[in-house]
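Chain A is the first sequence line, chain B the second, and so forth, proteins listed ahead of strands; every chain is numbered from 1.
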Amino acid sequence: MSTLLPESFYLSKDVLHIAKSLIGKVINTNIEGKFTSGMIVETEAYRAPDDKACHAYNNRLTNRTKVMFEKGGIAYIYLCYGIHHLFNVVTADAGLAHAILIRGIEPLDGISTMCDRRRKSKIDYSLTSGPGTASLALGITSKLSGISITKTNSPIYLTDYKTFHKERIFASPRVGIDYAEECAKWPWRFRLKESPWTSKPN
DNA sequence: ATAATGATTCGCT
DNA sequence: GCGAATCATTATG
């Protein structure tokens with residue numbers, strides 16, 4: 001059996017370290033009576049105040065970003081391009097706006113439910129690769145932003161699963177953040193090497 | 001109160 | 001490869 005990731009997991013280390021550690025962990029969702037889960041294969045770290053790509057750059061505090069300033073172990077979910085609900089894990093102590101975007105998962109349980117939500121008749125590699133589609137397949141919406149992810153009775157929680165050697169985790173620049181100038185080059189995107197469930201290489 | 005925009009995806013070429 | 005879809009969030013008046 002896999003064990004629940006405790007709150008201390010999100011507080012003990014730097015967000016970059018935790019982003020790497022999340023590769024191989026499992027995200028479980030229990031939403032609208034349906035249980036789904038998948039192994040995380042791709043993440044990106046966002047770290048205020050000096051990361052221009054982070055919504056909370058320079059500790060900008062708004063109604064949306066305030067969730068990131070809370071203590072680690074909760075979900076930060078927001079709508080992008082008016083269509084996609086992107087799921088992030090908040091880390092670090094209260095006052096530090098650090099978060100990790102989940103960009104890709106490998107489906108494990110509830111695959112038929114995920115296909116329904118994605119309006120696909122059968123499973124393929126596009127089912128959960130990419131932050132918007134992964135959230136959709138798992139049933140995650142922005143209404144759930146701010147909830148705890150460290151309780152098994154929560155609609156979203158993470159569990160331990162596999163540990164990969166660091167040689168199998170590939171770091172590269174983040175995508176979709178050209179506006180962030182020099183920060184756009186920082187290798188804060190982490191992928192499981194040779195996993196077909198990640199979005200394509202940069 | 002209003003207007004601009006984006007941590008994306010999908011369908012067409 | 002390119003562009004549209006589509007709306008909460010944000011900054012500004």
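Following rounding to the nearest Å, A/R174 (CZ) and B/dA7 (C1') show an atom-to-atom distance of 9 Å. Summarising the geometry, the separation between OH on A/Y81 and C1' on B/dT8 is reported as 6 Å, rounded to the nearest angstrom. Remark: P of B/dT9 and CZ of A/R117 are 17 Å apart, rounded to the nearest angstrom. The CD1-P distance, from A/I83 to B/dG6, rounds to 15 Å in whole Å. Remark: P of B/dG11 and CZ of A/R119 are 13 Å apart, rounded to the nearest angstrom. Whole-Å rounding puts the A/H55 NE2 to B/dG6 P distance at 10 Å. When rounded to the nearest whole Å, the span between CZ of A/R64 and P of B/dA7 equals 8 Å. Whole-Å rounding puts the A/M68 CE to B/dA7 P distance at 11 Å.
Backbone-only contact: A/I177 has heavy atoms under 4.0 Å from sugar-phosphate atoms and none from a base. Using a 4.0 Å heavy-atom distance criterion, A/T133 is classed as a sugar-phosphate-only contact. Among the protein residues, A/R118 comes within range of the sugar-phosphate backbone only, with heavy atoms under 4.0 Å from sugar or phosphate atoms but none that close to a base.
If you check B/dT8, C/dT9, C/dA8 against the side chain of A/L79, the one that comes closest is C/dA8. Of the listed nucleotides (B/dC10, B/dT9, C/dT10), B/dT9 has the atom at the smallest distance from the side chain of A/H84. Among the nucleotides B/dT8, C/dA8, C/dT10, the one closest to the side chain of A/N63 is C/dT10.
A donor and an acceptor atom, one from each side chain of A/T65 and A/T62, are located under 3.5 Å apart.
Between A/R60 and C/dT10, a side-chain N or O to OP1/OP2 separation shorter than 4.0 Å is absent. Applying the 4.0 Å criterion to OP1 and OP2 of B/dA7, one finds that A/R189 has every side-chain N and O outside that range. OP1 and OP2 of C/dT9 both lie 4.0 Å or more from every side-chain N or O belonging to A/T62.
Using the six-membered ring where Trp is involved, A/W197 and A/Y125 have ring planes that are perpendicular, over 60° apart on the 30 and 60° scheme.
Between A/I105 and A/T128 the shortest heavy-atom distance is O-OG1, 2.7 Å.
Taking a pair to require two hydrogen-bonding distances under 3.5 Å in either a Watson-Crick or a G-U wobble arrangement, B/dT5 pairs with C/dA8.
Stacking of A/R64 on the aromatic ring of A/Y78 is recorded, both the 6.0 Å distance cut-off and the 45° axial limit being met.
A donor-acceptor contact shorter than 3.5 Å is absent between the side chain of A/N58 and the backbone of A/R60.
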